[in-house]
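What follows is a single structure, written as C-alpha cells, with notes after it.
A note on names: the letters A, B, ... follow the listed sequences, proteins ahead of strands, and every chain is numbered from 1. Just so it is clear, the values below take in all heavy atoms, side chains as well, and ignore hydrogens, waters and symmetry mates.
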Amino acid sequence: MRMFDGRVLLKQVILLFWPLISTWVQGAEKIDSCQLQVLEMLSSLGSAGGKSAKPSFVSYVTPEEIKSEKEPSRKEKHPDLLPGEVVFCSASTVLKYTQDDLSQRGVFGVLLCTNFRVSFVSDEEPTEEMGQLFKNKLYGENDIPLSCVDNIYGGSEDKRKLITGGLVKNKYPSKMIIHCKDLRVFQFSLSFSKEEDAKKIFQGIVHHCLEPKSLRCLFAFSYCENTSYPEAQRKKQTVMFDSVEDWTQDMKRTKGNCRVVSENSNFELSPKLPQYFIVPKNVSDEDLTKYQGKGLPMWCWSHHSGCALFKTASIPLVQEDNVPQTYMEKMLTAVAHNHLYSVKTEDLSDTLPTVQDILLSYNKFKQFFLIDNTTEFWMSDMKWFSSLDNCGWLDIIRQCLQKAVEVVESLEKENTNVLIMEEGGSDLCCVVSSLVQLMLDPYYRTLLGFQSLVQKEWVAGGHAFLDRSNHLHLKDKVESQSPVFLLFLECVWQLQQQHGPAFQFSETYLTVLSDSVHVPVFTTFLFNNDGHRDSLLRAESPHTQRSPLNCPTVWDWSVQFDCKAQDLFTNPLYTEKPKQDTSVRKSYRPRHLRQLSLPSSAFKTPPKKGFFKDEADNLKKILGVKRLSRWMLSPSSDSPQTSSSVREFYEAWQTKPLDYHGLLLPCLDGPSIRVWMQRYLRWIHDVQILGGGPVAMLSKVSEILGEVQELQRQLDRHGCTLTSNHKGARPRAKTAAAVIAARSSVRLSSSFPFVTSRNWAFKPAIPTSLLQSLMVTGMPGNLADREDDGGPESLV
Amino acid sequence: CKQISVAKVYSSIPLPLKICVAILINIIYFYSVCFTYQWNLVVYTGAQGFKRRTTVTTKGKRARHGYVTPLLWPSIGYFEFNVMTCLNLLTAKDVTYICPYIGALRGTLTVTNYRLFFKCMDREPAFVLDLPLGVVSRVEKIGGASSRGEVSYGLACKDIRNLRFAHKQMEDSLRKSIFEILMKCAFPVSNGLTIFAFEYGQVYPENGWKVYDAQAEYKRQGLPNESWRITKVNDHYELCDTYPSTLVVPVNIPDEELKRVAAFRAKGRIPVLSWIHPESQATVIRCSQPMVGVNGKRSKDDEKYLQTIMDANAQSHKLFIFDARPSVNAAANKMKGGGYESEDAYQNAELVFLDIHNIHVMRESLRKLKEVVYPNIEESHWFSNLESTHWLEHIKLILAGALRIADKVESGKTSVVVHCSDGWDRTAQLASLAMVMLDGHYRTIRGFQVLLEKEWLSFGHRFQLRIGHGDKNHTDADRSPVFLQFIDCVWQMTRQFPAAFEFNEYFLITILDHLYSCLFGTFMCNSEQQRVKEVSKTVSLWAYINSQPEEFTNPLYVNYSNHVLFPVVSMRHLELWVGYYIRWNPRMRPQEPVHQRYKELLAKRAELQKRVEELQREVTNRSASSSSERAGSPTRSITPVQTFV
C-alpha cells in the first residue's frame with residue numbers, strides 16, 4: 001500500500017476527518033453509491049479508521065438496507081445478447097453473494113436464463129477496469145453457459161440439497177448455489193425477489209441446465225444460423241484433418257509409409273470410422289469393414305526410424321469363435337510389416353483406469369476446489385495432501401504419462417511398431433497416443449501443432465465428446481460421462497510445467513481450452529465422431545443440401561478473445577528451434593551409445609506391474625499360442641525386457657543434455673506431478689497471491705522478450721533504411737507482453753489473467769483454523785510437552 | 001603406485017614376516033611423507049599463485065552435489081601420519097561408495113581435516129563426492145563382514161543424506177582406522193581438536209564481518225528517534241549474556257529499570273525493538289517469556305515497560321503480544337516459573353498464541369521427512385507420506401504466525417511483542433520472517449545477511465547447540481532444524497513472489513550448506529558474546545558470498561521499494577523444497593528454465609542493442625552528410641534499460 005503516494009495522502013485526509021465521516025456513515029439510512037465508494041476505499045485502506053473501525057465494512061451494510069434502496073428496480077436489464085440468443089426467464093433483485101467471505105455481502109441484480117447461459121446482471125454500473133484485457137467475448141464473469149453448469153444446490157439457512165431436476169414443483173429454495181464445470185461457484189439468494197419471479201427463474205434454470213434435451217437445442221445451432229462465419233481464414237491455420245491432403249501431408253511430414261483410406265469420405269464404410277484415416281499398407285479393402293472398424297489398426301504417427309504408432313478398438317473375443325482371432329492376427333501382421341517385422345501390443349484397458357474410474361476420481365478431486373465458504377476451506381487445508389492422495393487423480397495422470405513413456409521407449413529405443421488398443425479405441429488410446437506424439441515430436445508442441453494434434457487424435461479420431469461431457473443430460477449417458485479430454489490436458493500441463501521452454505503455448509492456453517469444452521458454441525466438442533458431426537450439420541443447414549451448417553471451431557480464438565488476450569496463449573519461455581540443426585536429429589546417433597549410457601543395473605527397483613508385458617505374452621493372449629515365431633525375429637526381442645526399463649530409459653535420457661526440440665520425458669516421481677494451480681485455484685480468493693505467482697516471473701520475461709523483438713524489428717528496419725535513408729523513430733506498436741508488463745506485476749495476482757484484482761484490499765488471508773492443530777495428538781513420546789531446552793541446564 | 005603394492009603385500013603376508021616388512025614400510029613411509037609434503041607444498045603455492053584464476057574457473061560450476069569448493073584449500077594439510085593412517089590412505093584407493101541411485105562405485109577415498117573426498121574414475125564423467133566433514137552427524141559401522149567379505153560404514157549427514165562406504169576386508173584394523181580417522185576428523189570438538197573454520201585461511205576481497213553494523217542498521221530504520229534510544233547497558237553483556245551489545249529500548253525507560261525488567265524475563269531477555277515501521281512507527285518487539293510462574297507473579301516494571309512500548313506508537317492504543325507457543329505449552333511453562341502475560345495485568349494488550357511447536361517436535365518432523373525423501377521416493381503415497389511428516393504443516397504455522405504479525409504491524413499499525421519460551425528459536429523465526437515480509441531491504445542479498453546477523457546471530461540463536469558443530473553426540477536433544485525451517489519459509493516466499501527477492505534459491509542452499517560445513521565462522525558459537533571473543537579469526541560466509549554476488553542474484557528481481565509481501569499460507573501453495581531436500585536424487589533435475597531463458601534474453605538484448613546503436617550511428621553519419629536537419633537521436637526510441645549482464 002505504501003507504494004501509492006496518493007493513497008497515503010488520501011488516507012491522511014480521511015484520518016483527519018474521521019469523526020465526521022464515521023458519523024455520516026453510521027447515521028445514513030440510505031447508502032448511495034458515492035458513500036459506498038468511500039466505504040470501499042476505507043476498507044481497502046485497511047483500518048484507516050484507526051481505533052474504532054473494523055477492518056471490513058460489512059457491519060454497516062446489511063442486505064436489507066441495500067434492498068430497501070433498490071426496491072424500485074429496473075427490469076429492463078439485459079446482458080448483451082449473442083446472435084440467436086433468447087431470454088427464457090428472468091428475475092430481478094436477486095442477491096449474488098460475493099464469494100470471498102462468509103459475510104452476507106453481496107450485489108443485487110437481475111438473474112436471467114437464456115438458451116445459452118445463466119446470466120447475472122449487476123444493478124451497479126460496471127466499472128471500467130483495465131482488467132478487462134482477458135475478457136471472453138461470449139460470456140462474462142457473471143455468466144454461466146448452460147453446459148458449464150455442473151451441479152445446482154438448493155439451500156436454506158445452513159442446509160443445502162443437490163437438485164437433480166424434474167423433482168422441483170412449486171417450491172424454490174431461498175438460496176441457489178451453482179457449481180460450474182470450470183470450478184466457479186455462484187451463490188444467489190432469491191429471497192428478495194418476487195415469489196413468482198423467483199419460482200420461475202429457479203425452475204427455468206433447473207430445467208435448462210439439468211433436464212435432458214436434444215442436441216438441436218444446444219446453442220451452437222441457433223448461434224451459427226445467425227452468424228455468418230467466414231470459412232476461408234481458418235483453413236490456413238490449424239490442420240483440421242478433414243481431407244485426404246491433411247492426412248497425406250502429416251504422413252509425409254513424419255515419413256510414414258502407410259496408406260490413406262478415403263473410401264469412408266461419405267461414411268459409407270461405417271459412420272463410426274473417421275472420414276479419412278490411414279492404415280498399414282498390408283490391410284486390404286475387404287478388411288476395412290469387417291468388424292465396423294473394430295480391430296482395424298489406425299496409423300497415428302511415424303517415428304523417424306520407420307516404426308509407427310497405431311491404435312485400434314479391440315474386438316471382444318469370443319472363446320469359441322476363431323474368426324476375430326485370425327482377423328486380429330492378420331492385422332498384427334500388417335502392422336508388423338510396417339517396419340522390421342516387429343510389433344508390440346498394449347491393451348490399455350488392462351493397465352489404465354477405466355473411464356468410470358477417471359470420472360469418480362475427478363469428482364472427488366474437484367470438490368476440493370468448489371469452495372462455498374472460507375471456514376470450510378481452511379478446515380480442509382490441513383488434510384490437503386492426504387486428500388490429494390486419496391482421490392487418486394494425480395495418480396491417474398501419472399499412470400497415463402507412464403504408459404506414454406513406455407510407448408515412447410518402444411518407438412525410440414527399440415524401434416518397434418506399437419499398437420495400442422482399448423475397447424472403444426477413442427478414449428485412453430487418444431490420451432496415450434497424443435502424449436506420445438507430444439513427447440517425441442516438437443511440432444506438436446507449437447500452438448498450431450498442438451491444435452492439429454487435438455484435431456487429429458481427438459476430433460477426427462472420434463473421441464465421443466458429446467457422450468463424455470454429457471451436454472444433453474441424457475439419463476442413459478450418465479454412465480459414459482468422463483473427463484478424458486481434461487485428463488489429457490492435465491497430462492500436457494504436467495509436461496509443460498516440467499519443460500516450459502519446449503512449449504509454444506502457455507498454461508493459460510490450456511486452461512482456456514479446458515473451459516471451452518463446456519461452451520456449446522464450437523463444433524469441436526459437440527459431437528461423438530466425424531459421421532455424427534457431418535450428419536447433424538447437414539441436417540441443420542438452412543441452405544441447400546450440399547453445404548453443411550457452418551460453425552466455428554474452438555481454434556478460431558477470435559470468437560472468444562481479442563488479439564491482445566490471445567497473446568497470453570503464447571509462452572514467453574518458448575525458444576524457437578535454431579535453424580541449423582534441422583538436419584542433425586539427435587536420435588540418429590548409433591544405438592549402442594545409448595545403451596552404454598544406461599546406469600548400472602545393480603540397484604534395480606523391484607518389478608512393478610503394468611509395464612509392457614513380454615511381447616509373447618500379449619500375443620499369446622490375443623492369438624492363442626501357435627505361429628508366433630515369425631515376429632520374434634525382431635532384434636530387440638532378443639534381450640529380455642526388464643520391468644524397470646522405463647525407469648532406466650528415463651534416467652538414461654536425463655543424463656544427456658536437455659534438448660527442448662528433441663525427445664521430452666516427464667519426471668514421474670512424487671513431487672513432480674503437481675496440481676494445476678491456475679486452473680483449480682483461480683477462483684478461490686483466499687489463495688490468490690497478490691503481487692506474486694508465476695505471472696510476476698513471466699511478465700518480466702515477456703517484457704524483455706518484447707524488447708528483444710522490438711530491437712530485432714528496428715534492426716531490420718535499419719537494414720532497409722540504410723539504403724533508403726528513412727528515419728525509423730516512429731512509435732512502436734506495443735505488444736500485449738508490454739501491456740502486461742506496463743501494469744506492473746505488483747498489481748497482478750497468482751490467478752492472473754482470470755480474476756482481476758479489483759477492490760484490491762491489501763489484506764492477507766489468515767487461516768481461521770490455526771488453533772486446530774491436528775498433529776498434537778499423534779506425537780510420539782510427548783515431544784510436544786517437553787521444554788525447548790531438552791538438554792540439562794548444565795549444558796548451557 | 002608403489003604404495004598400493006606395498007599395502008597389498010603387507011596385508012597378505014603371514015604374521016612372522018610382518019615385523020620385517022613393517023620396518024621396510026617405515027622406510028617407504030618416510031619417503032612417502034616427504035613426497036606428500038612436497039606435493040602439498042606444490043599445491044599450496046599453486047593454489048596461492050592461481051588463486052584468482054581458480055575462483056574464476058570455479059564460478060558457475062556448481063559441483064554435482066551442491067558444494068562449490070575452490071579446488072584445494074590452501075591450509076589443508078594431510079593429517080599427521082602414523083603407520084596405521086598411512087596404510088589407511090593406501091587402502092583408501094579401493095573403496096566402494098554405495099550410491100543409492102547409481103549403484104556401487106569404486107574409487108579413491110581421501111579424508112582431510114576439512115572434508116571427505118571420493119572420486120571414481122570408472123565413469124564418464126568421473127564421479128566425485130565432496131563432503132565437508134562438518135556435515136557428518138554420525139559415523140557408524142554397519143554390520144560385520146558381509147558374505148562378500150566387505151566391511152562397510154555409514155555416514156548420516158545433517159543435509160538429508162546418508163552415505164555408505166565399503167571396502168574389502170583385509171584386516172580388521174583397516175576398517176577401524178578409516179572409522180577412527182572419520183570419528184576424529186568429523187567431530188573435532190569432541191576430540192579436543194579445532195574446528196576447521198579456525199584454520200581456513202582463504203583471503204577474500206571483502207571482510208565479511210563488516211557486513212553487519214548494528215548502529216548502521218538501526219540508523220537505516222531511523223533510530224534513535226524521539227521515542228526510541230540505543231542503550232549501552234549491555235555493552236559488556238552484563239544485562240543479558242545472550243543479547244547483543246547494542247539494544248534499542250524506549251526513551252523513557254532508564255537503564256536501571258531495564259535491569260528490573262530483565263529480572264522478570266526469562267534469561268534476562270528483555271523486550272527490545274527489532275524493527276520499526278517507517279511511517280506508522282509500529283514496532284516489532286522481541287523478548288522471552290515473563291517469569292509469571294504458578295502464582296501469577298506480576299512485575300510493575302514489566303507492565304510499565306510494555307505500556308511505554310505501546311505509547312511509543314501514537315497510531316494505536318493496543319498492543320499485540322504474540323506467544324509463538326501453543327497455549328497448552330505456555331501454560332505448562334508456568335510450572336517452571338515461566339508463563340505468559342495475563343491480559344488483566346497488561347492493559348490494552350491482547351495475547352495471541354501462534355501454536356508453533358517446540359524444537360523437539362521439529363527435529364522429529366525432519367527425521368521423518370528424511371525417511372520419506374531419502375534415498376528414494378515412494379511414488380504411490382507421496383502426498384500422504386509427506387503429510388505424515390507434518391513438516392509443511394509446521395512451515396505453514398510459522399508462516400501464518402509471521403503473516404499475522406506483519407498484518408498487525410502493516411494493516412493494523414499496531415506494535416507487536418513476539419516471544420516464545422526463551423526467545424531465541426521461534427521468536428527469531430517469527431520476527432525475521434515478519435521483517436522479510438514488511439521490509440524490502442531484507443529481501444536483498446546484503447539485507448538478508450544483515451537480517452541473519454541481527455535477528456539470528458546477535459540475538460543469540462544457539463547455532464552451536466542446535467547444529468552441534470563438530471560434536472559427536474548426535475542424539476543431543478538440543479539439536480533442532482530451527483534455522484533450516486526459517487530458510488525453508490523464506491524459500492516458500494520466494495516461490496510465491498519470484499520477482500521480489502534479490503537472491504536466488506542457490507543463495508539459500510549455500511547458506512544452509514555452510515551452516516553445517518564448518519568452513520566459515522559465521523554460524524559458530526551460541527551468542528554474540530562468545531563470537532566476539534573467538535570467531536573474528538575466522539572467515540565470514542558473507543565474504544565468500546559477496547565475492548561473487550552474480551552467482552546468487554535472481555535475474556528477475558524487481559525492487560519495489562516499500563512493498564509489503566503477504567504470502568498465502570494455505571497448504572495449496574506450500575510445497576516441499578525439492579531443490580534442497582531431494583537434491584541428491586539425480587532424477588530430480590534442477591529446473592531453472594525461467595532464469596536461464598531470462599539471462600539468454602538479456603544477453604540477446606544487449607547484443608541487439610549494440611547492433612542497433614552501431615547501425616544508427618551509421619545512419620546518422622550518412623544522413624548527417626546528406627542533410628543537417630535531424631531531430632533527436634533515434635536512440636531515444638529505445639527504452640532506456642540498465643544492463644544486468
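Interface residue B:Leu556: backbone and side-chain heavy atoms are both found under 4.5 Å from chain A. There is no contact between A:Phe369 and chain B, counting heavy-atom distances below 4.5 Å. In this structure, the portions of B:Leu601 lying under 4.5 Å from any heavy atom of chain A include both its backbone and its side chain. With a 4.5 Å cut-off on non-hydrogen atoms, B:Ser316 does not touch chain A at all. Only the backbone of B:Leu574 comes within contact range of chain A, judged by heavy atoms closer than 4.5 Å. Heavy atoms closer than 4.5 Å to chain B are found in the side chain of A:Leu388, but not in its backbone. Looking at B:Glu378, neither its backbone nor its side chain comes within 4.5 Å of chain A, counting heavy atoms on both sides.
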Original post:
Yes or no on side chain to side chain donor-acceptor pair (under 3.5 Å) for B:Glu410 and B:His277, after CA distance, side-chain angles and deciding distance?
Top reply: CA-CA 8 Å; B:Glu410 173 68 25; B:His277 195 286; 2.9 Å; yes
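Contact count versus chain B (heavy atoms, under 4.5 Å) is highest, among A:Asn390, A:Ile673, A:Leu668, for A:Leu668. In terms of non-hydrogen atom pairs under 4.5 Å with chain B, the most contact-rich of A:Asp395, A:Val675, A:Leu698, A:Leu705 is A:Leu705.
For an aromatic pair to be called close, the ring centres must be under 6.0 Å apart, and A:Trp393 with B:Phe383 fails this.
By the 6.0 Å contact criterion, NZ on B:Lys604 is open, its count of non-hydrogen atoms from other residues, nucleotides or ligands being 12 or less.
Under the rule for a ring pair (Phe, Tyr, Trp, His ring centres under 6.0 Å), B:Trp382 has no partner lying at least two apart in sequence or in another chain. Listed by chain and number, the residues in a side chain to side chain contact (heavy atoms under 4.5 Å, CB included) with B:Val578 are A:Pro671, B:Ile582, B:Met588 (sequence neighbours excluded).
When all heavy atoms are compared, the tightest approach of B:Ala324 to B:Arg426 is CB-CB, 3.7 Å.
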